[in-house]
Amino acid sequence: MAKQYNWHKIGDAADLIAAENEITVLEVSGKKICCARHQSQLYAFAYKCPHASGIMGDGFIDDAGNVVCPIHRYRFSMKNGYNSSGEGYYLKTYPVEQRADGIFVGMEKSGLFGWL
Ligand code: FES
C-alpha cells in the first residue's frame, strides 16, 4: 500500500527555513525533525542518527549533499536516507513539497490512524 502522509506547513520559503548547507531543527506535529538546504533544495530527515542516536542537527552537510552525524561521522543522503559511508544504516527522511502557499513536509500517517 502506498504511504499516506499528513502534510504540515513549515514556512513560506526554503531559504527562510534553512540557509544553504545549514541544518535547522523544527518541531512538526510534536516531533523534532531536521531540515537542511543543499543546492537550493530543502530536505527533511530524522532528528536522531539511526546508529547510536547522535543529534543530526549538530552534524553538517558535505559537498555531495550528505548529512554527516557529529558522533561517528557516518554519512547519509538527505534525498533518500542512504548510508553513503557504507555502514548499512538508514536515516529516516521526510518528503518536502514546495507549493504555491509555502513549504510542506509530509509525516507518515500511522497504521492505526490510517484505519480509522
Ligand atoms: S551516532 Fe551517528 S554515526 Fe554513530
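Both ligands and their constituent atoms are indexed starting at 1 by order of listing.
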Between S85 and Y74 (side chain of the first, backbone of the second, donor and acceptor by atom type, cut-off under 3.5 Å), is there such a pair?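 Between the backbone of Y74 and the side chain of S85 there is no qualifying donor-acceptor contact (under 3.5 Å).
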Minimum-distance atom from atom 4 (Fe) of ligand 1 among N, O or S atoms of H72: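 This turns out to be ND1.
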Atom name, H51 (N, O or S, nearest to atom 4 (Fe) of ligand 1):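 This turns out to be ND1.
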Got a sec: is C49 within less than 2.8 Å of atom 4 (Fe) of ligand 1 via an N/O/S atom?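 For C49, the answer is no, given that no N, O or S atom comes within less than 2.8 Å of atom 4 (Fe) of ligand 1.
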Please state which protein non-hydrogen atom is closest to atom 1 (S) of ligand 1 and give its distance, to 0.1 Å?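 I find the closest protein heavy atom is A52 N, 3.3 Å.
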I want to check something: taking the side chain as every heavy atom from C-beta on, are I55 and K48 in contact at a cut-off of under 4.5 Å?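 Yes, at least one pair of side-chain atoms sits under 4.5 Å.
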Using a 4.0 Å cutoff against the non-hydrogen atoms of C69, which atoms of ligand 1 qualify?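 Taking each heavy atom of C69 in turn, ligand 1 has 1 (S), 2 (Fe), 3 (S) under 4.0 Å.
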Can you list the ligand 1 atoms lying under 4.0 Å from a non-hydrogen atom of Y74?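 Counting from 1, the qualifying ligand atoms are 3 (S).
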For the pair N66 and F76, evaluate side chain to side chain contact (heavy atoms under 4.5 Å, CB included) and give the outcome as yes or no after the intermediate values. CA-CA 5 Å; N66 297 295; F76 301 91; 5.9 Å; no
Going through the checks in order, is the side chain to side chain contact (heavy atoms under 4.5 Å, CB included) test met by I17 and R37? CA-CA 8 Å; I17 297 166; R37 201 155 61 92; over 6 Å; no
Using a cut-off of 6.0 Å, state whether more than 12 heavy atoms not belonging to D63 lie near its atom CG.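 Open: at most 12 neighbouring heavy atoms sit under 6.0 Å from CG of D63.
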